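Some notes on the structure that comes next.
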Amino acid sequence: MTDYNIKIENVVASTKLADEFDLTKIEAEFEGAEYNKQKFPGLVYRVSEPKAAFLVFTSGKVVCTGAKNVADVHTVISNMAKKLNEIGIKTIKEPEITVQNIVASADLHAVLNLNAIAIGLGLENIEYEPEQFPGLVYRIDKPKVVVLIFSSGKLVVTGGKTPENCAEGVEVVKQQLDSMGLL
Amino acid sequence: RLRKWQRRIRVSNATERNLAFALSELDRMASALGLPRTVRETAAVVYRKAVDKNLIRGRSIEGVAAAALYAACRQCSVPRTLDEIGEVSRVSRKEIGRTYRFISRELSLKLMPTSPIDYVPRFCSGLNLKGEVQSKGVEILRQASEKELTSGRGPTGVAAAAIYIASILCGERRTQREVADVAGVTEVTIRNRYKELAEELDIEIIL
DNA sequence: GCTTTAAAAAGTAAGTT
DNA sequence: AACTTACTTTAAAAAGC
């Protein structure tokens with residue numbers, strides 16, 4: 001029916017795996033790990049299956065990004081803890097994982113007139129500068145998310161903490177455009 | 001009391017000094033871009049409003065001045081691109097764009113995106129094209145916006161493509177390279193836009 | 001504010017072939 | 001002219017400048 005083809009493209013989460021990390025040791029033991037303290041305080045480590053990227057800090061805190069769904073986030077963080085254990089680094093048993101941001105794409109299946117939408121949604125609520133970026137930026141309060149609206153009818157929803165937030169954001173945009181007869 | 005009085009004078013001096021600097025900056029940039037007096041005055045008004053609302057905090061005077069000038073050009077329908085403003089400012093185009101969005105929101109300027117039509121007079125004169133070509137270009141752009149061919153596209157690219165087509169239809173052909181240079185876009189962009197316009201508006205281009 | 005990560009949207013740009 | 005690569009925008013966390 002209302003197929004908006006909502007697809008989660010990226011999930012960002014944070015957690016704490018230990019009280020402290022020796023990033024230099026991890027860099028030496030983990031293949032492909034990058035750590036340049038002057039460049040960035042965190043160690044960068046990429047994994048595949050599921051694909052994801054980690055930012056590991058000396059405080060024991062970790063940022064996981066690039067996962068395609070929330071379940072994968074738990075999987076890759078669990079795998080990461082195991083690898084650390086194999087290297088002789090103790091990790092916290094059941095780390096509290098917090099999803100910080102979800103990026104999703106969707107499709108309204110309709111060609112849109114962004115100028116009309118800019119007026120309809122109110123110039124004070126949107127940002128549309130085609131000279132700099134082809135998408136119209138719409139910040140929503142209800143689910144606190146930001147939706148990028150393109151003339152092709154495709155959308156990008158970001159800023160949400162749950163997949164539901166993203167779906168709500170798409171619904172809000174869809175209904176608003178509908179009520180203004182712009183869809 | 002005397003100390004407070006002196007402090008006020010000091011603050012006042014600093015404020016006036018900063019305003020004077022900002023206004024001289026606006027004048028310098030406006031002159032470099034050959035902008036009319038009305039635009040400079042509009043930019044000065046925007047800048048003063050920004051000062052009155054304390055929007056300068058944490059921002060450079062040059063950045064706010066450049067953003068005010070960019071906004072003024074749009075308000076006066078004689079737009080300059082962020083790249084053009086950036087060329088006469090010491091502030092990066094990214095910073096100007098960011099500051100523009102900020103003051104635009106805080107001062108509720110409520111400006112619609114620049115219309116490609118507003119670039120036609122300047123681009124045409126830069127190509128030594130007369131009124132007939134301009135009119136034809138504007139006509140093409142009117143049809144283009146009606147057929148949703150401008151949403152999400154860069155205004156300068158669409159304007160350049162329309163002028164390119166108009167110059168051919170009027171027998172005053174300019175090359176894509178020439179149009180691209182005055183419009184500040186690449187030939188590839190003009191090619192993509194003009195093909196789209198020609199096809200959707202059923203215009204036959206005989207090269 | 002910046003630095004680093006990932007990912008999508010669509011337009012524009014730049015370098016190769 | 002095609003391809004490829006890359007940059008524009010959005011959000012969010014991490015530690016430090």
Side-chain angles (χ1 to χ4, degrees), chain A residues 5-17 20-21 23 34-47 50-68 72-73 76 97-108 112 114 126-140 144-161 165-166 169, chain B residues 58-60 63 81-83 93-95 97-98 101 150-158 160 176 180 183-193 195-196:
Chain A
N5 300 1
I6 298 180
K7 180 187 178 189
I8 293 180
E9 307 284 357
N10 183 25
V11 178
V12 181
S14 62
T15 187
K16 183 172 182 183
L17 289 180
E20 64 176 333
F21 277 136
L23 300 186
E34 306 166 18
Y35 180 44
N36 301 296
K37 195 177 183 15
Q38 9 274 71
K39 189 182 180 189
F40 186 68
L43 174 149
V44 179
Y45 184 57
R46 297 178 176 77
V47 299
K51 185 182 178 186
F54 288 94
L55 295 182
V56 186
F57 300 86
T58 57
S59 63
K61 290 185 177 179
V62 171
V63 169
C64 173
T65 183
K68 288 295 185 184
D72 281 356
V73 169
V76 296
I97 299 173
T98 308
V99 172
Q100 302 289 355
N101 181 34
I102 292 181
V103 180
S105 58
D107 193 347
L108 294 178
L112 308 174
L114 300 185
I126 62 94
E127 277 185 14
Y128 174 44
E129 298 292 331
E131 179 189 334
Q132 300 175 254
F133 188 69
L136 183 155
V137 182
Y138 185 34
R139 289 160 204 282
I140 300 176
K144 186 177 173 296
V145 298
V146 174
V147 182
L148 304 184
I149 305 173
F150 297 85
S151 62
S152 64
K154 298 277 187 62
L155 310 174
V156 168
V157 186
T158 186
K161 303 283 191 193
N165 289 163
C166 299
Chain B
R59 262 163 278 271
S60 69
T81 63
L82 283 177
D83 282 325
R93 91 161 232 163
K94 188 168 185 175
E95 176 64 25
R98 158 187 340 244
R101 283 180 225 162
T150 58
S151 267
R153 281 108 181 172
T156 52
V158 182
Q176 293 179 3
V185 298
T186 63
E187 294 171 286
V188 178
T189 294
I190 290 188
R191 221 166 281 141
N192 292 332
R193 295 296 137 244
K195 284 179 179 171
E196 185 173 57

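It should be emphasised that the depicted structure is a prediction, and the values quoted were computed from it without experimental measurement. Throughout, protein chains are lettered first and strands after them, A, B, ... in sequence-line order, and every chain is numbered starting at 1.
Nucleic acid contact class of G154(B) (heavy atoms, under 4.0 Å, all strands): sugar-phosphate only. Using a 4.0 Å heavy-atom criterion, one finds that K7(A) contacts no nucleic acid atom at all.
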* What string of B, S and - do you get for nucleotides 3-11 of chain D, 5' to 3', if B is base contact, S is sugar-phosphate-only contact and - is no contact with any protein heavy atom under 4.0 Å? -> -----BBBB
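For dA13(C), one of the phosphate oxygens OP1 or OP2 lies less than 4.0 angstrom from a side-chain nitrogen or oxygen of T186(B).
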* Toss me the dot-bracket line for DNA chain C: Watson-Crick and G-U wobble, both under 3.5 Å, 5' to 3', using | for pairs to another strand and [ ] for crossers. => |||||..||||||||||
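Nearest to the side-chain atoms of R193(B) among the listed nucleotides dG11(C), dG16(D), dA12(D) stands dG11(C). Listed candidates were dA14(D), dA13(C), dT4(C). Nearest to the side chain of V44(A) is dT4(C).
Under the rule for a side-chain contact (heavy atoms from CB on, under 4.5 Å), the partners of K39(A) that lie at least two apart in sequence or sit in another chain are N36(A).
A104(A) and I6(A) make their closest contact through CB-CG2, 4.4 Å (heavy atoms, listed as atom of the first residue, atom of the second, distance).
Put simply, the residue from V11(A), N101(A), N10(A), V103(A) that forms a side-chain contact (heavy atoms from CB on, under 4.5 Å) with T65(A) is N10(A).
Counting only heavy atoms from C-beta outward, the side chains of I97(A) and V73(A) approach each other to under 4.5 Å.
Nucleotides dC3(D) and dA7(C) are separated by 22 Å at their C1' atoms, to the nearest Å.
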